[in-house]
Amino acid sequence: MGNLSWNVKSKYIHQLAEKGERQDKRDMYKYREIDIEPNYIDNALGSARVKIGETDIVAGLSFDVGDPYSDSPDKGVIITNNELGPIASPEFESGPPREDSIELSRVVDRGIRESGALDLKELCIEEREKVWLIFLDIHILDYNGNLFDASELALTTALKHGHLPKYEDEKIHHKEEGEKIPLKKLPIENTFAKIGDKIMLDPCLEEEKSLDARITFSTTEDGLCAVQKGGSGSFTQEEVMKHLEKSFDHAEELRKQIP
Amino acid sequence: MGNLSWNVKSKYIHQLAEKGERQDKRDMYKYREIDIEPNYIDNALGSARVKIGETDIVAGLSFDVGDPYSDSPDKGVIITNNELGPIASPEFESGPPREDSIELSRVVDRGIRESGALDLKELCIEEREKVWLIFLDIHILDYNGNLFDASELALTTALKHGHLPKYEDEKIHHKEEGEKIPLKKLPIENTFAKIGDKIMLDPCLEEEKSLDARITFSTTEDGLCAVQKGGSGSFTQEEVMKHLEKSFDHAEELRKQIP
Amino acid sequence: MGNLSWNVKSKYIHQLAEKGERQDKRDMYKYREIDIEPNYIDNALGSARVKIGETDIVAGLSFDVGDPYSDSPDKGVIITNNELGPIASPEFESGPPREDSIELSRVVDRGIRESGALDLKELCIEEREKVWLIFLDIHILDYNGNLFDASELALTTALKHGHLPKYEDEKIHHKEEGEKIPLKKLPIENTFAKIGDKIMLDPCLEEEKSLDARITFSTTEDGLCAVQKGGSGSFTQEEVMKHLEKSFDHAEELRKQIP
Amino acid sequence: MTELIKNGKRQDDRKPEEMRDLSIEAGVLKRADGSAYLEWGSNKVIAGVFGPQKCIPQHISNPYKAILKFRYNMAPFSVDDRKRPGPDRRSTEISKVSKEALESALILRHFPNTMIEIFVEVLQAAAGTRCASLTAASVALADAGVPMKDMVAACAAGKIGDEVVLDLAKEEDNAGKADVPIAIKPKSGDIVLLQMDGDLTPEEFDETLSLAKEGCMKVSEEQQKALQEKYEMEEGE
Amino acid sequence: MTELIKNGKRQDDRKPEEMRDLSIEAGVLKRADGSAYLEWGSNKVIAGVFGPQKCIPQHISNPYKAILKFRYNMAPFSVDDRKRPGPDRRSTEISKVSKEALESALILRHFPNTMIEIFVEVLQAAAGTRCASLTAASVALADAGVPMKDMVAACAAGKIGDEVVLDLAKEEDNAGKADVPIAIKPKSGDIVLLQMDGDLTPEEFDETLSLAKEGCMKVSEEQQKALQEKYEMEEGE
Amino acid sequence: MTELIKNGKRQDDRKPEEMRDLSIEAGVLKRADGSAYLEWGSNKVIAGVFGPQKCIPQHISNPYKAILKFRYNMAPFSVDDRKRPGPDRRSTEISKVSKEALESALILRHFPNTMIEIFVEVLQAAAGTRCASLTAASVALADAGVPMKDMVAACAAGKIGDEVVLDLAKEEDNAGKADVPIAIKPKSGDIVLLQMDGDLTPEEFDETLSLAKEGCMKVSEEQQKALQEKYEMEEGE
C-alpha cells in the first residue's frame, strides 16, 4: 500500500475513473464475463464453480446432523466459511487478511440468511433434538476482485442444485441424494466501487485496491435483504439509493445466468 | 525495562523509598482513595466497579449450569478470569503479558476458593449431575498498579451483592434474581511492595515497576488463607510476619468500605 | 543450515562417509550403545526409558475410556504423540520444528498400528459404546539423532510390559493393574541415512543434518509393515531392497535387547 | 408476542422517531491519550485512544500516513449469556467497518509511519453497541487531540411492525423486520458506515436512511456537548 | 464385503496394472506464476506456484539456495465428511515428504535467499491425492519456469486380495492389504518419495515398487503432454 | 478417610519434621549446557539449562543484564490422568514464580543482551513438584557455570490434622489444611519464593515458615553434594 509503483498505478486508475473509463475498457456498469458450472464436485451433494473474469472460486456444501440453537429449536443451521488462501493471490503470501475473510463470510451469509431464501424450518428433523447443519464452504482459487458477488453466486447455485443426503436410522448417507435443498429464492449480491467520485460495478482487484468506498447490495426476487458498505470513503444517500436501484437490474441479470 | 529515562525515574523512586517517602506523598502504609460501586452492570446479577486511585476495574458475574468435577460431585464451580487489555495501559501495546494475567486470576481465585468464603455446596443443584458454574470476570479499564487488591475487592463486592439467576424446568432465567449467592466471609487481599529494603502498601504502577519484591496476603475475618510472593527480590521471615499482621488491619479497613 | 562452520563440518562428514567411516569410528551398519529400562515411571502402567548413544527418551502410556470410531465400533483407539521440546537440544531454541515432530509421531504410530501388533479388538469394552483409548506419549530428553528407532523401541517396550488399569463400575482405577496390554508382536524400526552415495545405520544428529536421504523400515517378526523415506535425496530400488533385508536382521538384534 | 409498536408508542414508551437517552463524558481514563464514556439506553461503553505513536510491528507502518487500529471488545458480563473473552467473527467485522468509517474523518497524513490505536470496551450491551462504540471512539479521538476533518456520529434506524423507527431497543432488534446502523460525518451528511439486514422495500430503505441520519445529527450534538464540558472543566482548573 | 479383485478384474473393471484415467492441464491460474489442474480418477487437484521471490520471514532464508515451501490442503467439501479447514497432522506430513521429493529435482542454488511456494488444493479426493498433488505440483513448477534437473512423477501401487495392483481406488485403499505411494525422477528412475503401510513380504514389496515405477513413467508422459500443449498454445497465440 | 497423622507418625511412617528421600545428580544431559536429575519421594524431575546465549527474539533482550526464561513442564504420563501436553495456567504461574525466585541468586549483569533458558521436565509427579523443579534448576544453573551469588533451595511445609509438618506427600497435600512451598537463598536465609493456600493462624504460619526453611537447608546440602560429586568425577577423568 505504501509501495511507490503501486501508487502510480492507483493514480492512473483514478484518472481513468475520472473520465468514466476502466483499464479493461469495460463500461462502468458492466460485469466481466461470468461462467457458472453447477455440480462441479461429484463428491458433494451441492457445489458450483463460478468465474467472474479471472476470479475463480468453488463452493461446496457439506452436511451434518446436530442440535438446533436453543432460541430456534425448529430450524436448521447454516455455517458459512471461506478459504482465502495463498494460492489465490501473491497478495496473501504472508498469510491471508483475517478480517477480510471474516467480512466476506458474514456478508454472503447474510445474503442467504436474512433473505429467508433457505427455509430453515424444512431443515428441522426433530424439534429441539435434531436438525440439519449445512456447511457452505467457499474455496478461492484465483482472486481478481469482487469475491462478494462471485461467492454469493456460487452458493446460490450450489444450493439451487443441491440435495440433502439421505438420513436413515440416525445415519447420514453422504453418497445418496435425499430431498432437494429448500431454497425458495435466489439471493444475489452486487458490488459497486467508488473511485474518486465515480462509481462502477464489479471491481477487479486493482480497482478494489484503489477504491475509496465500496457498497454491496444483497437482493432477492422480492426485495432488499442486506447492505454492506466498506472502504475509508463515503457515499451520499442519493448515491446509495441510485445504486440500489441499479442493483435490482444487475441481480436479475445474474439470476438468469444460473443454470 | 532497559529504557534510560525509566531507569532515572526508578532510581528516584528508590531514593524516595529510602527516606520512607512516595511520589504522591502517601504514607508507606496507606491506600490511595478507594471507590466501590456495587451492581454497576444492570445486565449482571452481580457486579462492581472499584477504583483504587487511578486503577479502575469492573467485575461481573456470569452463570451457567453444568457438570460438577468428579472429585467434588456436590460442589459448584467457580472460574476466575481477567482481561488485562490494551485499553488499560500503553504498557500492553504489544499484547498483554500473559503470565501476569494468569497470576492475577489465580491469586484472586485462591483468595475466594481457599478461604471457603463461598459455600460451594450450596451451589450444587443435583449431586453428581448439575451444579452452578459461576464465572468471575475482571475487566481492567485503567491500570495504575495493585490489581490484586482491586480485583479481590471487586469480586467480593460483586459476590456479596449478587444473586443466582432463577433456574426452572432446566432453564436459566438470566433476567430474574434467584437466591443470594452463598458468600459466608469477605476475603480481602493486601499487597505490599519492597523497594530497596523499605516496604510499602498498595503500590502504584511506577512503584510496581520499580519494586524488588512483592507480597500479597489474602485474609478473611477468620484468618490467613493465601499468600503470594512476587518479584526478583527476597523477604526475611520477620518481614513476612510483620506485614501479615499489618495486613489483618488493612483488610478490616477495606472490608468496612464495602457497601 | 546456511551456517559457515556447519558447512565445513558437514563436508567432513561427507568425506568420511565417502571412505566408509564415521566420526565416532562406528561401523556403517552398527547401532550405538543401547540401553532399555522398562517400567521407568512408577505412576504409569506402562513406560520405558531408552537410550541410543546420547539420545535419551522416555515413553509412557496413559489410559482413558471413550467412544470408538464409527467405522471401527469394536476396536480400541491409540493416540501417539511426542514432545520434541527445547530441553532436548539447542536446535529447538526458537520452537521445535512442528513438521518433524508430526512426522515422528505418525511414523512410529504406523509401526504399531499397521503391523497389527496391538490387538485393538481386545481393547473394546462394549461394542459401539466403550473402548480403551491408549495414549502413547514420547518425551525426548536428549536428542542426538535417530528418534524414530528410539521412540519405537520405547513404545514397544512400554506396551510389552504394560497393563491396562482396572475398570469397574464405569470408573478407571489408574493405580491398579488390570489385564496385560494385548501386544501380539514386537514392532521395531530401523533407520538408514544416505550421505553422498553411502548408506549407514542409526545416524547421529550431525549425520542427520548432513544426510541426503533417509529411509526407515518398520518390521515385526512376521514381515514389513511400514516404510518412510525422508530427505531431499533419492534411493534406487536396489538400495531400498538391499537395506530392507539388512533391516530384518537389525530388527531382530534390537528385539532381543528388550527385557 | 406482544406488539412492538401500538398506537404510535413503542414498548419503552418512545415515539417512532425518538432516540433512547444518550450521555457522553470525555476524558474518563487516566492512562489513555484520549477517552470517552457513553451510556445510551442500557448500553455502557468506554473508548480509549493511544497515539499517534510508533507503529508496532514496524512492517505494517505506512510512509504516507498513520495507520488506524480499532478493537471492539465485549466484556464477558456485558450480555446475559457470558461472552467468551477474545475476538470473535462478529467483533472482528464490527472493528473493521468501524475503522473504515473513522478513516475518512481523520487527517492521517500528518503522522506518517505511526499508528493510532482505538480500543472500545462494551461493558453493558443492549442493542446498538456498534453505533455506541463508534460514537464513543470519535469523541475519544477528539479528546486525544488527533486532528479531524469532522467527527463521526452513528445511529441506527429500522423497521418494527410496519413502521420505520429510530434507534432500536433490544427486543425491537430481535423481533423487528430490519436494522440499519449508519454513521455519518455531520458537516457533510456523508455516510461512512452503512450496514443493513432484514427486509425492506427501496422506499422504506430510503426513509430509514433519512431517519438514521437525523439520529446521527442528535448524536453529534451530544458529542459536541461532551467535548465542550471537558474543555470547560480544563479551562476552569 | 465384495471381493476387490475377481477374475483379474478390479471393481472398476481395471486390470491389475492399469491406472485410472489421468489428465493434466498446465497454466490454469492467472495470478500464480505457474499452475496445473489435474484429474485422476475422481481426484481433482489444482496446484499453484509463486516464486522464486523474496523470502518471508527473512530469517528462514538460505544464502546458498532458494528454500521450498509446500502446502497440501484439502477443501472442506473434497470428502464426504466435511474436512475442517486448516492444516492437520496428515496434511503436514504429506506437505513435508512432498517438499523433500521435489527438492532434489529443482535447481535451487540459482536463487539464493529466495523462496518458492507451492500450494496444492485438493478439490475432490478419491485415494491417491498425495501422488496427484505432487504430480500437479511438478507441472506447476515447470509452468512457472523454475529450472529443474528432471520432473517428479508420482504413482502408488499396492496389494489387494493376493495381487499387486497399480493405483488403488478408494475402496481398494480402504480394504486393501498395503499401499505404496512413490515418486521418481523419470530420467534416472531414482525414488524421491516412498511411503508404505500395510503388510508385504520383501518379494511383494519389490514387485510393488517395480509396478509403481511403471505407473510413474506413464504419469510422466501425461506431464510432458500437458506442458507441450501449454507451450503450443502460447506459440499459437 | 484414614487419619493423616497418628501417634506422631505420618502415613508413610515419617515424623512431622522429616523430609522424603531426596537425591540429586548433576550433569545428566549431553546437549544442555547444564543439567540435573532429581528424585524426591516419588517425584522425578530433570532440568536443563542453555545459555547465556543470543537472545531470541532480540527485542526482548536487556542491555543491562541477561534475561531469564523458565519453563516448568509436566510429561503427559507424569500423573494418573493424562496431562495434556503444552503450558496451562498452573504451569505458567509456577514458571513465573520460579523464574523470579532464581533472579536474585544469579549474577545476570555479567551477560547483557543474552538470555538463559531453564527447562524443567516433570517425569513423575507426587506433590511438591514446584520445589523439586526449582531445586533441580538451581543445580543445573550451577552445572552450566552461570555465576551465582547463592544457590536457591526449595521445600514446602504445611499443616495436616492439627500439626505442622515438613514436605507434604500427595495424600497429605490433597487432604491437608495448608501447603506452604518456599525457596530460600541458604547463605542468608532470605525467602525468594513463597506461596500459601489453606487456612492457618499467624502463629501456625510462622511455625510453618521456620520448618520449611529448615527443610530448605537440608535440600541445600543435597545440592552441594550433587555438585561436588560431579566435580570430583570430572577431576577423576
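Every chain is numbered from 1, with letters handed out A, B, ... down the list of sequences.
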Q: What part of C/Leu244 gets closer than 4.5 Å to chain E, counting heavy atoms only: side chain, backbone, both or neither?
A: side chain
Q: Where does E/Ser95 contact chain C at under 4.5 Å (heavy atoms): side chain, backbone, both or neither?
A: neither
Q: Could you list which of residues 134-149 of chain E have a heavy atom closer than 4.5 Å to any heavy atom of chain C, in residue-number order?
A: none
Q: Please find the pair of heavy atoms, one from C/Gly233 and one from E/Ser104, that lie closest to each other, and give the distance.
A: CA-CB, 4.3 Å
Q: NZ of C/Lys75: more than 12 outside heavy atoms within 6.0 angstrom?
A: no
Q: Measuring heavy-atom distances to chain C, does E/Leu193 have an atom under 4.5 Å in its side chain, in its backbone, in both, or in neither?
A: backbone
Q: Among residues two or more places apart or on two chains, list those pairs meeting salt bridge (charged side-chain N to carboxylate O under 4.0 Å, His left out) that have a residue in residues 208-224 of chain E.
A: E/Glu222-E/Lys225
Q: For the atom pair OG (C/Ser232) and CG (E/Leu108), what is the distance rounded to the nearest 0.5 Å?
A: 8.5 Å
Q: Evaluate E/Leu194 against C/Ile215 for side chain to side chain contact (heavy atoms under 4.5 Å, CB included), listing each step before the verdict.
A: CA-CA 9 Å; E/Leu194 168 56; C/Ile215 194 160; 3.8 Å; yes
Q: Is the backbone of E/Asp206 close enough, under 3.5 Å, to the side chain of C/Gln237 for a donor and an acceptor to pair up by distance?
A: yes
Q: For C/Glu99, run the side-chain hydrogen bond (donor to acceptor under 3.5 Å, both in side chains) check against E/Lys99, E/Lys96, E/Arg89 and tell me which one passes.
A: E/Lys99
Q: Could you tell me which residues satisfy side chain to side chain contact (heavy atoms under 4.5 Å, CB included) with C/Arg128, sequence neighbours excluded, listed by chain and number?
A: C/Pro73
Q: So which residue, E/Arg90, E/Gln195, E/Glu100, ends up with the most heavy-atom pairs under 4.5 Å with chain C?
A: E/Glu100
Q: Report the distance from atom CG of C/Leu224 to atom OG1 of E/Thr201, rounding to the nearest 0.5 Å.
A: 9.0 Å
Q: Pick from C/Arg113, C/Glu103, C/Lys229: which one has the most heavy-atom pairs with chain E under 4.5 Å?
A: C/Lys229
Q: Show the nearest heavy-atom pair for residues E/Ile191 and C/Val240, with the distance to one decimal.
A: CD1-CG2, 4.3 Å
Q: Roughly how far, to the nearest 0.5 Å, is the CG atom of C/Asp71 from the CG atom of E/Asp81?
A: 9.5 Å
Q: Evaluate C/Glu114 against E/Met196 for side chain to side chain contact (heavy atoms under 4.5 Å, CB included), listing each step before the verdict.
A: CA-CA 10 Å; C/Glu114 296 295 330; E/Met196 176 257 171; over 6 Å; no
Q: So for atom NZ, which belongs to C/Lys30, do other residues, nucleotides or ligands contribute more than 12 heavy atoms lying within a distance under 6.0 Å?
A: no
Q: Rounded to the nearest 0.5 Å, what separates atom CG in E/Asp199 from atom SG in C/Cys225?
A: 8.0 Å
Q: Could you pull out all residues at least two apart from E/Glu207 that satisfy side chain to side chain contact (heavy atoms under 4.5 Å, CB included)?
A: E/Val164
Q: Taking the side chain as every heavy atom from C-beta outward, state whether C/Met241 and E/Leu209 have any atom pair closer than 4.5 Å.
A: yes
Q: Rounded to the nearest 0.5 Å, how far does OG of E/Ser91 lie from CD1 of C/Ile102?
A: 8.0 Å
Q: How many angstroms lie between atom OG1 of E/Thr92 and atom CG of C/Asp100, to the nearest 0.5 angstrom?
A: 11.5 Å
Q: Stepwise, does the side chain to side chain contact (heavy atoms under 4.5 Å, CB included) test hold for E/Val192 with C/Phe235?
A: CA-CA 7 Å; E/Val192 291; C/Phe235 289 99; over 6 Å; no
